[in-house]
Amino acid sequence: MATDTLKSKPGAQGAPGGVRRLLLENGALTALIVLVVAMSALSGDFLTADNLLNVGVQAAVTAILAFGVTFVIVSAGIDLSVGSVAALSATVLAWSATEAGIPVALAVLLAVATGIACGLVNGFLISYGKLPPFIATLAMLSVGRGLSLVISQGSPIAFPDSVSHLGDTLGGWLPVPVLVMIVMGLITAFVLGRTYIGRSMYAIGGNEEAARLSGLRVKRQKLAIYAFSGLFAAAAGIVLASRLSSAQPQAAQGYELDAIAAVVIGGASLAGGTGKASGTLIGALILAVLRNGLNLLSVSAFWQQVVIGVVIALAVLLDTLRRKAGATTPAAGTSGGGNRGRQALTYVIAAVVAVAVVGATSLLHNGSSGGTSKKVGLSLSTLNNPFFVQIRDGAEEQAKKMGVDLTVTDAQNDASQQANQLQNFTSEGLSSIIVNPVDSDAAGPSVRSANKDDIPVIAVDRGVNDAETAALVASDNVEGGRLGARALAEKLGGKGTIAILQGQAGTSASRERGAGFAAGLKEYPGIKVVAKQPADFDRTKGLDVMTNLLQAHPDIQGVFAENDEMALGAIKALGSKAGKSVQVVGFDGTPDGLKAVGAGTLYASVAQQPKELGRIAVQNALKAAEDEKVERTVKVPVKVVTKENVAGFEG
């Protein structure tokens, strides 16, 4: 694999053995070449300058995080906190520069110091507190995420313009995130290969006790190692927030797993002692190429997770095969110039082969004619929620009826992942794009890129800030919140105590529904809110949070949940009280929610008719693509559905 140059045992000679050894020693590089060739063959949109730059941008944040994690894994540790530390550092920068009025340069230093401080805490707990790295960094994962939510109050914070340029391009074509990734990669290579602490990392990862007996101050070295990881996490967080033009408190969730995967795919061993910056970069590029290519091929986001999991497993399996084949890794710094020259020659040959094969493949696509149907992309914030599944279903039904080629992607409530998907749509040159933003501010930069390429964008359910959209197809979440407040208050006779289950912190839907409900409740001074807790639009969390709230407030008389999924979880927690002594109002009008309304356990749901949202969005996308007049705002009416009118309601 793309790790330290390997030497084989005597006997592994001859041309077949040499080829076999070459493939084993450079498995990650081989896999990257195969992936590039395969994606080029399968999609004519892959091998374009814009799309290849997209791949680099999409790999940048993961690669920067992974470079920091490389230090930790080489020393036989693990860091699960880098995603949360990245979000916390970006939030600190944005809050300091905007809310606190601190000069931007000082705010950047404060953000970097935050990352280093988190790393030092991890290192102290591991070195001096004797906590296992898994536990110490898992704790920091929770602390970092919690602090970012506390500082931001759960809402995105606009990023300073001077720092947001890190998400732009130089000369109109070279992305700054790619340059930052390259610089951080060179720093990683220098630290690992040319410094005392780099050699110490390999020594500690190879045999910590032997390193200690040889005179290394292992505890101090670990402090430095985890501080490096925190520093790189802060840099990644700043780059990520720059791309989104805002610091998202929920940003980089799960990125720690991608970072670890990139390091492992690149040839490092979780047992420690091996790993290189070049391998980590290749691992990050493999993940980016996979996601980009699978997006272009319209592969479901659910299957994308399966594919990436298989790739990680194969990478570890290849590492095992390499070791069984007799390959051994020399100690850090002992490989000679000849081996380095051979490794460099391998990379050059690989590049030449890749260019030749990819060039030949591109000729096939140049000679093929495209279809005549309009191509439209739909990026949904999540498909783990029945409401958005219904939007997709309505869009697909309308697309089929109109002969539109519709590609649907799932951002999994990750604003950065959605930005990548929108960039992929833009590089494909689609007729138009439909976006249901994870966050209205974060979607702005990607939509502006589509604007530059004259691709019309339709926003559905949520608007896009600081960018041009041909139309917004949405329900009025604020008005829906007011209607929910009125329905619940009137059912309680204008008096009583209630609890509120909030949606995912930072999402516009949660903010707008909550604001509308609060405004509507002002008309009923006899209603008192005794508890308000987030349950992230999730049924299971709704069940757990409601169960906990009932311990402190067993006599509540009403519950407002900002979506039906949380309302259904609350009903489960309430048991026989639901619909009798406690009235529950949900939001969305999902099939399961409407069943509960019919059964009487859910008093009402503020229904948005999501299928209609999807249908109208596709209609407007096609009109915009054909330069027909489109209404700037298309409002789909919301409706309070109770047991009395649920039978005649159609979503």
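Predicted model, so just to flag it, every value in this text is computed and none were measured. Counting begins at 1 with the first residue of the sequence.
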Practice problem: Show the numbers, then the answer: is there a side chain to side chain contact (heavy atoms under 4.5 Å, CB included) between V61 and S416? | Solution: CA-CA 10 Å; V61 173; S416 175; 5.6 Å; no

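- The backbone N or O of G275 lies less than 3.5 Å from a partner atom in the side chain of Y202, making a donor-acceptor pair.
- Shown here are the side-chain hydrogen bond (donor to acceptor under 3.5 Å, both in side chains) partners of T137, two or more places apart in sequence or in another chain: there are none.
- Pairing each heavy atom of A277 with each of A189, the nearest pair is CB-N, 3.7 Å.
- A 4.5 Å side-chain heavy-atom check between L47 and L52 finds at least one atom pair inside the cut-off.
- A side-chain donor from one of Q253 and Q250 sits under 3.5 Å from a side-chain acceptor of the other.
- When all heavy atoms of Q248 and A442 are compared, the closest pair comes out as NE2-CB, 3.4 Å.
- Not a single donor-acceptor pair under 3.5 Å links the side chain of S148 to the backbone N or O of L88.
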Quiz item: Does the salt bridge (Lys or Arg N to Asp or Glu O under 4.0 Å) test come out yes or no for R291 and D258, once each step is laid out?
Solution: CA-CA 12 Å; R291 288 199 171 101; D258 277 358; 3.2 Å; yes

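- Between the side chains of S446 and Q423, no donor N or O sits under 3.5 Å from an acceptor N or O.
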Under 3.5 Å, sequence neighbours excluded: what are the donor-acceptor pairs made by side chains of residues 64-73?
residue: T70; atom: OG1; partner: A66; partner atom: O; Å: 2.7
residue: T70; atom: OG1; partner: T280; partner atom: OG1; Å: 2.8

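- How far NZ of K375 is from CZ of F425: 10.0 Å, rounded to the nearest 0.5 Å.
- Contacts classified as ring pair (Phe, Tyr, Trp, His ring centres under 6.0 Å) and involving residues 239-293 (residues at least two apart or in different chains) are not found.
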For residues 165-179, which side-chain N or O atoms pair as donor and acceptor with protein atoms under 3.5 Å away, sequence neighbours left out?
residue: H165; atom: ND1; partner: D168; partner atom: OD2; Å: 2.8

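- Listed for the T407 side chain is no donor-acceptor partner under 3.5 Å among the backbone atoms of G377.
- The shortest distance between side-chain heavy atoms of M140 and V121 falls below 4.5 Å.
- Atom CG of L257 sits about 11.0 Å away from atom CG of L287, to the nearest 0.5 Å.
- Judged purely by distance below 3.5 Å, without hydrogens or angles, the side chains of N54 and N292 never pair a donor atom with an acceptor atom.
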Self-check item: Worked verdict on M184 versus I187 for side chain to side chain contact (heavy atoms under 4.5 Å, CB included)
Solution: CA-CA 5 Å; M184 300 305 281; I187 292 173; 4.3 Å; yes

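- The side-chain heavy atoms of Y226 and C118, taken from C-beta on, include no pair separated by under 4.5 Å.
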Practice problem: Please report the C-alpha distance between W303 and L294 in whole Å, then the side-chain angles of each, then the deciding distance to 0.1 Å, and finally whether the side chain to side chain contact (heavy atoms under 4.5 Å, CB included) criterion is met. | Solution: CA-CA 9 Å; W303 278 109; L294 294 174; over 6 Å; no

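- T91 places a side-chain N or O within donor-acceptor distance of the main-chain N or O of A87, the cut-off being under 3.5 Å.
- Here the closest non-hydrogen pair linking G123 and L223 is C-CD2, 3.5 Å.
- Residues Q58 and N424 bring a donor and an acceptor atom of their side chains to less than 3.5 Å of each other.
- Scanning both residues, A90 and F159, for their nearest heavy atoms gives O-CE1, 3.5 Å.
- A donor atom on one side chain and an acceptor atom on the other are found under 3.5 Å apart for N51 and S427.
- Here the CZ atom belonging to F228 is positioned 9.0 Å from the CG atom belonging to L192, to the nearest 0.5 angstrom.
- In this structure, CG in L297 is found 9.5 Å from CZ in F46, a value given to the nearest 0.5 Å.
- Residues A251 and R145 come closest through the heavy atom pair O-NH1, 2.6 Å.
- With sequence neighbours excluded, no residue forms a side chain to side chain contact (heavy atoms under 4.5 Å, CB included) with S142.
- Although no hydrogens or angles enter the test, the distance criterion places no donor-acceptor pair under 3.5 Å between the side chain of S245 and the main chain of A241.
- Qualifying side chain to side chain contact (heavy atoms under 4.5 Å, CB included) partners for L138, counting only residues two or more places apart in sequence or in other chains: L80, F134.
- Residues that satisfy the ring-ring contact (aromatic ring centres under 6.0 Å, His included) test with F124, not counting sequence neighbours, are Y128.
- Judged as a side-chain hydrogen bond (donor to acceptor under 3.5 Å, both in side chains), and not counting sequence neighbours, the contacts of N122 are S81.
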Quiz item: Could you go step by step and tell me if L380 and T409 meet the side chain to side chain contact (heavy atoms under 4.5 Å, CB included) rule?
Solution: CA-CA 6 Å; L380 290 166; T409 61; over 6 Å; no

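- In terms of the side chain to side chain contact (heavy atoms under 4.5 Å, CB included) criterion, residue partners of D410 (sequence neighbours excluded) are, by chain and number, A301, F302, T382, L383, Q412.
- The distance from the CG atom of L120 to the OG atom of S229 is 11.0 Å, given to the nearest 0.5 Å.
- With sequence neighbours excluded, the residues forming a side-chain hydrogen bond (donor to acceptor under 3.5 Å, both in side chains) with S381 are N436, listed by chain and number.
- In this structure, a donor-acceptor pair under 3.5 Å is absent between the side chains of E428 and T426.
- Residues forming a side-chain hydrogen bond (donor to acceptor under 3.5 Å, both in side chains) with R220 (at least two apart in sequence, or on another chain): none.
- Once rounded to the nearest 0.5 Å, the distance linking OG1 of T62 with CE of M181 reads 10.0 Å.
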Check residues 203-211 and write down every donor-acceptor pair under 3.5 Å in which the side-chain atom is one partner and the other belongs to a residue at least two apart or another chain.
residue: N207; atom: OD1; partner: E209; partner atom: N; Å: 3.2
residue: N207; atom: OD1; partner: A210; partner atom: N; Å: 2.9
residue: E208; atom: OE1; partner: K222; partner atom: NZ; Å: 3.1
residue: E208; atom: OE2; partner: R212; partner atom: NH2; Å: 3.1
residue: E208; atom: OE2; partner: K222; partner atom: NZ; Å: 3.3
residue: E209; atom: OE1; partner: R212; partner atom: NH1; Å: 2.8

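- Minimum interatomic distance between Q418 and P437 (heavy atoms only, all atoms of both residues): OE1-CA, 3.3 Å.
- Looking at S164, its side chain never comes within 3.5 Å of a backbone N or O of S242 through a donor-acceptor pair.
- Side-chain contact between D414 and V438 is absent, with no heavy atoms from C-beta onward closer than 4.5 Å.
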